[in-house]
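All remarks here apply to the structure that follows.
All values derive from a computational prediction rather than experimental measurement.
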Amino acid sequence: MIIRPGVDADGPGFVALINRCWRDYDAVADVEAEVPEVHALASYYAAAGGALWVAGAVDGMVAVRPDVGGWEICRVYVHPDRHGSGLGHRLMNVAEAHSAVAGATRLFLWSDTRFVRAHRFYEKRGYERGEHRVVRDVTDYEEWRFERAA
């Protein structure tokens, strides 16, 4: 499966992928209220000095951006039908390599506390669970921060 830079026109595919992934947790993203930037993610991450990639016909996605204390890995989603295929590792490899070339010394990401499978995946890749936070928005959810050296 080809991994390519994401474009704004992938927006409907991103919405579908995110909602499919969240469905396993009895949740649906309210795109307009929570993440309206999803309609133009390539522009959103480019404006932040980052980048976005997509796998196949939006079977997976990942983004990165510089942030205080390192580079943040964002929007890590792989369609559940592709879990265990290695696609998640391939996407993370692209994001981590891009960040390292850009000068990152630390990588971090935030993951909803319900995404236990994803947490095992990150830990396998050397990320350590750290800070916990409650996000007060439309859904009031909780997240773990995962971090490692670049």
On a heavy-atom basis, which atom in [X] and which in [Y] lie closest, and how many Å separate them?
X	Y	answer
A42	G6	CB-O, 3.3 Å
S99	V64	OG-CG1, 3.6 Å
P66	G50	CD-N, 4.0 Å
A150	A104	CB-O, 3.2 Å

Under 4.5 Å between side-chain heavy atoms, counting indirect links through other Ile/Leu/Val/Met/Phe/Trp/Tyr residues: same cluster for [X] and [Y] or not?
X	Y	result
V94	L41	no
L87	F14	no
I3	Y45	no
V38	V62	no
V58	I18	yes

Exercise. In sequence, state the C-alpha distance, the side-chain angles, and the governing distance for E143 and L109, and then conclude on side chain to side chain contact (heavy atoms under 4.5 Å, CB included).
Key: CA-CA 10 Å; E143 294 179 314; L109 59 92; over 6 Å; no
Practice problem: Give a yes or no answer on whether the side chain of R90 reaches the backbone of A55 with a donor-acceptor pair at less than 3.5 Å. | Solution: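 No, because the side chain of R90 does not come within donor-acceptor range (under 3.5 Å) of the backbone of A55.
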Self-check item: Donor-acceptor under 3.5 Å (H119 side chain, D112 main chain)
Solution: yes
Exercise. For R65 and Y44, test the side chains for any donor-to-acceptor distance below 3.5 angstrom and give the result as yes or no.
Key: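 Indeed, the side chains of R65 and Y44 share at least one donor-acceptor pair under 3.5 Å.
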Quiz item: So, Y77 and W22: side-chain donor and acceptor under 3.5 Å apart, yes or no?
Solution: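 Judged by distance alone, the side chains do pair up.
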Are [X] and [Y] close enough that some pair of their side-chain heavy atoms sits under 4.5 Å apart?
X	Y	value
W71	H98	yes
Y122	R129	no
R75	V54	no
D10	R4	yes
H132	T113	yes

Which distance, rounded to the nearest 0.5 Å, do you find between the [atom1] of [X] and the [atom2] of [Y]?
X	Y	atom1	atom2	result
L91	E96	CG	CD	11.0 Å
M61	H79	CE	NE2	13.5 Å
L107	D67	CG	CG	12.0 Å
M92	F121	CE	CZ	5.5 Å
W110	W144	CH2	CH2	10.0 Å
C21	H83	SG	NE2	5.5 Å

Quiz item: Are there more than 12 heavy atoms of other residues, nucleotides or ligands under 6.0 Å from atom CZ of R82?
Solution: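 Open.
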Quiz item: Is it the case that more than 12 heavy atoms not belonging to E128 sit under 6.0 Å from its CD atom?
Solution: no
